[in-house]
Each structure stands twice: as C-alpha cells, then as structure tokens.
Amino acid sequence: MSAILYIALKFLSIMAGGIAAGTIGSLTGLGGATVLVPLLTLFYSVPIIYATGASLVSTIATSAGSASAYTREKITNVKIGIGLEIATTAGAIVGSLTAVYINNNNFSYLIYIIFGIVLLGSLIPTVQRGKFEEPVPRKADWSTKLFQLAGSYYDKRLKKKVDYEGVRWWLAEIIMFFAGVISGLLGIGSGALKVLGMDWAMNLPMKVTTTTSNFMIGITAATGSSIYWYNGYIQVFLAAATALGVLIGSFIGAKILMKITNKNIRWIFFAILSFLGVEMLLRGFQKSSLLNISTAIEVALSAVFSVIMILGLYVHTMRGEKVDAKGN
Amino acid sequence: MQKEIDLDLITSYTLRTGVIISLFFILAGTVLLFVRNGGMNHTLSYLSDFNNSFNSHFIPLGGIPAGLASLDGIYYITTGLWVLIFTPISVVFISIIDFLKDKNRLYVLMSIIVLFNLFFAMLVIPRIT
C-alpha cells in the first residue's frame, strides 16, 4: 500500500511541476516545456529524452488550451500561423530525427548544452522587446500583399482596434524552420524563435505574435510528438502527469495573461529561465565530463549568474524608461 | 444575407473539445493504473520507474480498441495522448475549409503542405527509421 502511495506522490509532484511550467509557459507564449524539461531533468532525474518527449506532448496541451481562448478573442492570426507552419513542421521533422540520432548514439549531453544555449538565447529578444505595445509601422513589402499579412484585433486593455501589416514573410519563414528544428530536438515549442520571427521579422504586434505563436506551437509539437512516439521516447506515466499538469497551468496562465501588461510578463520568466538555462548548460558540460563540479556549486553558479542577468536587465530597462520620460 | 459562420469560434471549440476529451482519457487512464496497480501486464512500480525501458515503443496503437475494452490504463493514456496530437491537426483541416470558402488558393495549397508534413512524420518516417 505504501508503495502505491509513494507512486501517487511521485505522480502528483510531477503534476505540480507541470502546473508551474504550464502557467509560466502560457504567460510568456514560450510553451510550458521550456520550463518543464529543465525541471524534470534537474530536479526529478528523468532521462532527458523522456523529459523532452513528455514535454513535447504537454506542449500541445498548453498550446491547444490557451489557443482556444485566444482564437475566440480573435487575436490569433490563424492565416499567418498556418503559412508559417510549412517551415516549422518541416523543421520539426529534421529536429526530431536529429534527437533520435543523438540519443541512439549516446550524445545526450549535447541536448543539455543546446538546451542551455537556446534558453539563454531566448532571453535576448526578451530584453530588446516590450517597450512599445504596438510596433513602429514599417512600409508594406511584396509579401504583405501576396501572403495577405494584414490584420486587426481589438485590444481590451487599450480599448481600441489595432490594425497591423506584416512584412518580410520570407525571413520569418526561414526563422520558423529553425524554430521547428529546435522544437523537435529539445521537445519545446520554441516560442521564443517563433516570437522573434513574427515580432522582429514580420513586425507584428506583440499580442498577435504571442497568441499566434501559441497556436502554431501545437501543430509543430504534434509533428515532433509522433516521431518521438514511434521511436519509443514517450514514457506514458510521465507524459500523463505532465500533460495534466501543464494543461491546468496553461489555463491559469491564460486567465492571468488577459489581465496584465506585457512588461510584467518579462520579469517573471526572465528570472526563472536564466537560472534554468545556466543549470542546463553546466549539467551538459558535467555529463560530457568537460567539467567536474559538485551539484551545490552548479546551483550556486547558476543562481549568481541569473541574479547578475536580472540586475543587468533591471538597470537597462530603468535607464531606458528615464530616457523615454525625458524625450517626452 | 446568409449568416457568416464564425470559423474562429469553431476552431476555439475544436481545440477545447480535443483537450477535454484527451484530459478525460488521460485522467481515466491514470486512475485505472492506480486502481489496477499497473497495465499491459506490468506493475505500477515498473511503469512509473523512468529507468526501466517501458515506453511508447512497446505500445502498439492497433491494440487501442482491445486495450480500452479491457480497461487497461496504459491504453487510456495512449488514446488521450493521441487525441492531443490530433487536436491541432484538426484545426488545419478547419482552416482549409475556410480558405476554400474564400477561394484563397494560395492558402489552400499552403495548408495542404502543412498536412503533408504532418502525415509524412506519422506515416512515412516510422516505416523508414
């Protein structure tokens, strides 16, 4: 009996991790997996390939759960999303097959290292974005008309209709291919790259970018999940716990997102992600035996690094706001 | 004038329904695993140990109907996970209808390419790897 109780606790604790990951993932548009994979590997000692497999499936839950709310609000641009899915699904196939190859050949430390780099790298667009709720308009180019990239949505908080025109579709398509590769390889939705593709390349408003990215993540992850499934990288007990947890978390996140400003979002996930990113990087080096430090030092190093990063960002942002205030 | 069918709303309902159905199967499967102390002739402690080699490789999808009928938790969770995988895919189908209605040939073609990629991953790759 106590054995069953122990397993039930294990299930519930993984589920709780999933809830936390799902909430953060939904709030940021990055998908719960970005938090879930480090959580499972670092704190629950799950083999990374099972962690990425479970995360990939759970990512679909996050995506579908919150995309359901956003499409109803008519913020998501389904058309742009599907057009870009050509590249992400193709990328997901390449990425998942690469993951399978890496794991069959015992290079899994590479996944930790790449995960750490991608996680920390996804913070860069976060630092640069967020000053403006609406993008500075750019001149429409040939792809705007051909691929019908214009749209509009009603912003509840600004209480007005926002019109927008996407540009540089081809550039977004290239970025989306890599987003797909990363998604399949690391089991994440790679929302950061998707956001980069739509926010920076296509110049879409942040709300449209995050919600459309959320919508796309599900289709990308579905492609990767099936490849993971057939290769035996989905651990059913684990996937059940994380799917349930992340699903609950994504609903909580979606409810919160509608009410807060873009700026608040950045601070929450920046802190957590930078810590997890350094942790994954160090753990990868550890596993490849390039580095030999104790877990305590590993955690301490990650904590110090993430505090420095957050302080740096805080100072940077505050300075930016002062300049804005003077300018106005 | 004919009343416009709101495809955004249908998409929203489809996503929600898919998630709810999948949630139901995963929950039911989990409960069954605990109540019956395992599934597919494995004990729960074996299934919940990540260092064991039990994974999706050993779950034939063709066994789903029989598995569901015999109240096997593993197959309930499996069904839930595959419903989840098919949920976003069904949205692509809905969009095709939308693009056909608008006679938007370019986007009909693009949706079909997306579906091709999806089914390539599901049907072709398992046979060659």
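Quick note on labels: first sequence line is chain A, next is B, and so on, each numbered from 1. All values derive from a computational prediction rather than experimental measurement.
Per-residue counts of heavy-atom pairs under 4.5 Å with chain B were compared for A:I234, A:I227, A:L238, A:L244; the largest is that of A:I234. Contact count against chain A (heavy-atom pairs under 4.5 Å) is highest for B:S48 among B:S48, B:S22, B:G73. Each of A:L56, A:I82, A:I7, A:I93 has some count of heavy-atom pairs under 4.5 Å with chain B, and the biggest count is that of A:I7. Ranked by heavy-atom pairs under 4.5 Å with chain A, the first of B:T14, B:I113, B:L84, B:L118 is B:L84. When the candidates B:I20, B:T11, B:N104 are compared by the number of heavy-atom contacts under 4.5 Å with chain A, B:N104 comes out ahead. Of the listed residues (A:K10, A:E85, A:M216, A:E73), the one with the most heavy-atom contacts under 4.5 Å to chain B is A:K10. Ranking A:T76, A:L247, A:V78, A:I14 against chain B, the residue ahead of the rest is A:L247, based on heavy-atom pairs under 4.5 Å.
No more than 12 heavy atoms of other residues, nucleotides or ligands lie within 6.0 Å of OH in B:Y13, so this atom counts as exposed by the packing criterion. The 12-atom threshold is exceeded at OH of B:Y46, counting heavy atoms of other residues, nucleotides or ligands nearer than 6.0 Å. Summarising the local packing, CZ of B:F24 is surrounded by 12 or fewer heavy atoms from other residues, nucleotides or ligands at distances under 6.0 Å. Summarising the local packing, CZ of A:F178 is surrounded by 12 or fewer heavy atoms from other residues, nucleotides or ligands at distances under 6.0 Å. Environment of CG in B:N41: sparse, with no more than 12 heavy atoms of neighbouring residues, nucleotides or ligands closer than 6.0 Å.
Contact of B:F99 with chain A is made through the side chain alone, with heavy-atom distances under 4.5 Å. Contact annotation for A:A8: both backbone and side-chain heavy atoms come within less than 4.5 Å of a heavy atom of chain B. Interface residue B:L44: backbone and side-chain heavy atoms are both found under 4.5 Å from chain A. For B:I59, the parts lying near chain A are the backbone and the side chain together; criterion is any non-hydrogen pair under 4.5 Å. Only the side chain of B:T87 comes within contact range of chain A, judged by heavy atoms closer than 4.5 Å. Only the backbone of B:D49 comes within contact range of chain A, judged by heavy atoms closer than 4.5 Å.
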* Derivation of the side chain to side chain donor-acceptor pair (under 3.5 Å) call for B:N55 and A:Y233 -> CA-CA 6 Å; B:N55 56 43; A:Y233 291 143; over 6 Å; no
* Determine, step by step, whether A:I219 and B:V91 satisfy the side-chain contact (heavy atoms from CB on, under 4.5 Å) criterion, reporting the C-alpha distance in whole Å, the side-chain angles of both residues, the deciding distance to 0.1 Å, and the verdict. => CA-CA 9 Å; A:I219 302 171; B:V91 172; 5.5 Å; no
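By the 4.5 Å heavy-atom criterion applied to side chains, A:Y230 and B:I125 are not counted as neighbours.
Ring geometry for A:F147 against B:Y107 counts as perpendicular: the plane angle is over 60°, on a 0 to 90° scale with 30° as the lower cut.
In this structure, CE on B:M122 lies 12.0 Å from CH2 on A:W229, to the nearest 0.5 angstrom. Separation of atoms CZ (B:F86) and OG (A:S225) is listed at 11.5 Å; rounding is to 0.5 Å. Separation of atoms CZ (A:R72) and CG (B:D8) is listed at 10.5 Å; rounding is to 0.5 Å. Atoms CZ and CD1, on B:F116 and A:I86 in that order, are 12.5 Å from each other to the nearest 0.5 Å. Atom CG of B:N51 is separated from atom OH of A:Y50 by 9.0 Å, given to the nearest 0.5 angstrom. Once rounded to the nearest 0.5 Å, the distance linking CZ of A:F237 with CZ of B:F50 reads 6.0 Å.
Closest heavy-atom contact between A:S68 and B:R16: OG-NE, 3.3 Å. Contact between A:G218 and B:P88 at its shortest, heavy atoms only, is O-CG, 3.4 Å. Considering all non-hydrogen atoms of both residues, A:S226 and B:I85 come closest at N-CD1, 4.4 Å. In this structure, B:I26 and A:A243 approach most closely via the heavy-atom pair CD1-CB, 4.0 Å. Contact between A:A64 and B:V19 at its shortest, heavy atoms only, is CB-CG2, 3.4 Å. Shortest non-hydrogen contact noted between A:G232 and B:S56 is CA-OG, 3.2 Å.
The side chain to side chain donor-acceptor pair (under 3.5 Å) with B:N117 is formed by just one residue from the set A:T89, A:T88, A:T220; it is A:T89.
In terms of modelled atom types and a separation under 3.5 Å, the side chain of A:Q235 and the main chain of B:L47 share a donor-acceptor contact.
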